[in-house]
Amino acid sequence: MSHNDCIFCKILDGEIPSAKVYEDDHVYAFLDISQVTKGHTLIIPKTHTKNIYETPPEVAKELFARVPKIAGAIKEVYQPIGMNLLNNNEEPADQSVFHLHIHLIPRYGDGDGFSSNWTTHTNDYSSEDLQQIAKDINSTIDS
Ligand code: 5GP
Ligand code: ZN
């Protein structure tokens with residue numbers, strides 16, 4: 001389903017040109033217009049869905065199922081030494097286009113242009129804290 005004023009739906013409809021990397025019935029993959037590193041690719045579902053919260057499991061399944069082969073192709077062509085997958089949801093988390101997408105960002109070493117800066121990635125939580133947090137989240141997951 002195409003969505004008014006969605007840039008990525010316009011790309012799917014061919015209204016906005018893009019550099020296609022891959023396409024099938026479920027997904028479309030194309031180069032990010034602002035390449036963080038060479039080969040930086042976005043993969044999107046053909047169904048408009050705003051972000052991960054609004055994504056039906058079936059759409060998520062088909063989307064992620066294509067990621068390994070696209071990542072593998074980028075690896076084969078440009079021989080990056082690593083690859084980051086990134087999915088931003090909502091503006092405070094840097095989502096700027098509100099059509100679900102996964103970034104595939106090949107990594108070429110220090111200073112390649114990408115970094116994730118986890119300044120609070122410490123062990124401040126006790127194991128009891130961690131058990132409680134896990135329980136809070138688990139108890140709200142529909143089974
Ligand atoms: P977000 O910030 O939502 O995670 O990522 C959106 C990405 O879409 C950005 O990295 C941005 O460069 C890319 N983008 C925005 N508009 C266009 C466009 O018209 N064409 C392409 N190929 N990429 C776009
Ligand atoms: Zn859309």
Side-chain angles (χ1 to χ4, degrees), residues 1-125 129-143:
M1 186 187 62
S2 181
H3 203 264
N4 282 346
D5 298 329
C6 170
I7 295 172
F8 288 174
C9 282
K10 290 195 167 89
I11 285 177
L12 287 173
D13 291 345
E15 272 178 62
I16 295 176
S18 62
K20 176 165 90 174
V21 168
Y22 175 80
E23 180 174 19
D24 63 25
D25 289 350
H26 294 279
V27 309
Y28 186 76
F30 57 107
L31 294 183
D32 193 305
I33 203 165
S34 305
Q35 297 272 284
V36 171
T37 61
K38 188 176 185 179
H40 176 187
T41 297
L42 302 173
I43 177 168
I44 65 175
K46 285 195 166 175
T47 314
H48 178 91
T49 173
K50 182 185 168 195
N51 57 33
I52 202 69
Y53 303 119
E54 297 186 3
T55 302
E58 193 57 30
V59 173
K61 178 180 149 187
E62 298 292 356
L63 180 68
F64 206 79
R66 272 66 173 188
V67 172
K69 67 178 171 187
I70 296 169
I74 297 168
K75 182 170 187 273
E76 201 175 316
V77 180
Y78 293 126
Q79 275 128 44
I81 56 174
M83 174 87 60
N84 288 103
L85 302 182
L86 184 66
N87 161 236
N88 299 328
N89 300 284
E90 304 292 5
E91 245 176 273
D94 295 328
Q95 184 174 13
S96 63
V97 176
F98 293 88
H99 181 130
L100 180 70
H101 52 280
I102 298 171
H103 295 258
L104 286 81
I105 305 172
R107 302 300 306 279
Y108 299 99
D110 287 346
D112 66 3
F114 183 87
S115 76
S116 47
N117 192 13
W118 293 4
T119 53
T120 56
H121 201 209
T122 56
N123 294 325
D124 291 346
Y125 291 87
D129 291 336
L130 296 178
Q131 288 299 332
Q132 186 56 52
I133 294 166
K135 215 170 135 193
D136 291 344
I137 299 169
N138 176 266
S139 64
T140 64
I141 296 175
D142 299 333
S143 50

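Counting starts at 1 for both ligands and their atoms, in listed order.
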Ring centres of H103 and H101 under 6.0 Å apart? yes
From N89, I105, I33 - option closest to atom 17 (C) of ligand 1 by heavy atom: I33
What are the two closest heavy atoms between H99 and P45, and how far apart are they? NE2-O, 2.9 Å
Within reach of ligand 1, part of S96 (heavy-atom separation under 4.0 Å): both
Taking a cutoff of less than 4.0 Å between a non-hydrogen atom of the residue and any ligand atom, is F98 in contact with ligand 1? no
Nearest heavy atoms of I74 and G39, plus distance in Å: CD1-O, 3.7 Å
Determine yes or no for a side-chain-to-main-chain donor-acceptor pair under 3.5 angstrom, with R107 supplying the side chain and D112 the backbone. no
Flag the pair Y22 / I43 as yes when at least one side-chain heavy-atom distance between them is below 4.5 Å, and no otherwise. no
Heavy-atom pairs closer than 4.0 Å: do any link ligand 1 to the side chain of L31, the backbone, both, or neither? backbone
So, is H99 placed with an N/O/S atom under 2.8 Å from the Zn ion (ligand 2), counting both backbone and side chain? yes
For the residue pair K46 and D24, what are the closest heavy atoms and their distance? NZ-O, 2.8 Å
Going by the 4.0 angstrom heavy-atom rule, the piece of N88 near ligand 1 is side chain
In ligand 1, which numbered atoms sit nearer than 4.0 Å to a non-hydrogen atom of S34? 12 (O)
Heavy-atom side-chain contact between L100 and N87 under 4.5 Å: yes
Would L86 count as a contact residue for ligand 1, given that I'm defining contact as a non-hydrogen atom of the residue lying under 4.0 Å from a ligand atom? no
Among all protein heavy atoms, pick the one closest to atom 15 (C) of ligand 1 and tell me residue, atom and distance. V97 CG2, 4.0 Å
What is the closest protein heavy atom to atom 5 (O) of ligand 1, and at what distance does it sit? H101 NE2, 3.0 Å
Quick test: of every protein heavy atom, which one is nearest to atom 19 (O) of ligand 1, and how far off is it to 0.1 Å? I7 CG2, 3.7 Å
Where do N88 and D94 come nearest, in terms of heavy atoms and distance? ND2-O, 3.5 Å
Numbered atoms and elements of ligand 1 in range of Q95, under 4.0 angstrom, heavy atoms: 3 (O)
Determine whether any heavy atom of K10 lies closer than 4.0 Å to an atom of ligand 1. no
What part of I11, side chain, backbone, both or neither, has a heavy atom within less than 4.0 angstrom of ligand 1? side chain
Quick check: closest heavy atoms across I52 and N89, and the distance to 0.1 Å? N-OD1, 2.9 Å
Only heavy atoms of L42, strictly under 4.0 Å: list the atoms of ligand 1 that pass. 8 (O)
Between E76 and Y78 (side chain of the first, backbone of the second, donor and acceptor by atom type, cut-off under 3.5 Å), is there such a pair? no
Suppose you place the vertex at the Zn ion (ligand 2); what is the angle out to H48 ND1 and C6 SG, to 10°? 110°
the protein heavy atom lying closest to atom 7 (C) of ligand 1 turns out to be D32 OD2, 3.4 Å
Considering non-hydrogen atoms only, spot the tightest contact between F98 and E91 and give its length. CZ-CG, 4.1 Å
Taking atom 8 (O) of ligand 1 as the reference point, the nearest protein heavy atom with its distance: F8 CZ, 3.5 Å
Does the side chain of S18 pick up a donor-acceptor pair with the side chain of Y28 at under 3.5 Å? yes
Show me which atoms of ligand 1 lie under 4.0 Å from any heavy atom of F30. 21 (C), 22 (N)
